[in-house]
Amino acid sequence: MSDGRDGFDPDPERVRLLRETADEIRGESSESEQLAAILYRVSDLYDPEEETSPEEIYIAVRNILNVKERGGLER
């Protein structure tokens, strides 16, 4: 049964796997931090506790990539 998030049904096992993977790779480099953040955002699609859409995740990922391209959050 879909919850209206464009066909992304709740899947706690997928959430767990994505977040565990993100935790494992976090901290090894700035690129791994970036990838971990993206994995967490994608996991939100499958988390019944989160209300997000693919479009919102696309925007968040685009922002993550833009921050990286600019050299970080510090200006």
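Here the closest non-hydrogen pair linking D9 and Y46 is O-CD2, 3.5 Å. Contact detail for G27 and S32: the closest heavy-atom pair is N-OG, 3.8 Å.
Note that the CD atom of E13 and the CG atom of L18 stand 10.0 Å from one another [nearest 0.5 Å]. Atom CD1 of I25 is separated from atom CD of E33 by 9.0 Å, given to the nearest 0.5 angstrom. In this structure, CD1 on I38 lies 12.5 Å from OG on S43, to the nearest 0.5 angstrom. Note: E49 CD to D44 CG = 11.0 Å, rounded to the nearest 0.5 Å.
In this structure, R70 and N66 have side chains that are in contact, with non-hydrogen atoms separated by less than 4.5 Å. Residues F8 and D47 have side chains not in contact (no heavy-atom distance under 4.5 Å, counting atoms from C-beta outward). Residues R41 and T52 have side chains in contact (heavy-atom distance under 4.5 Å, counting atoms from C-beta outward).
Cluster membership check: L45 does not share its hydrophobic cluster with I59, using side-chain heavy-atom separations under 4.5 Å among Ile, Leu, Val, Met, Phe, Trp and Tyr. By the criterion of side-chain heavy atoms lying less than 4.5 angstrom apart, applied directly or through intervening Ile, Leu, Val, Met, Phe, Trp or Tyr residues, I64 is grouped together with L35 in one hydrophobic cluster. Using a 4.5 Å cut-off between side-chain heavy atoms of Ile, Leu, Val, Met, Phe, Trp and Tyr, with links allowed through other members, L39 and I57 fall into the same hydrophobic cluster.
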Legend entry - side-chain contact (heavy atoms from CB on, under 4.5 Å) evaluation trace for R16 with D11: CA-CA 9 Å; R16 184 192 64 73; D11 186 343; over 6 Å; no

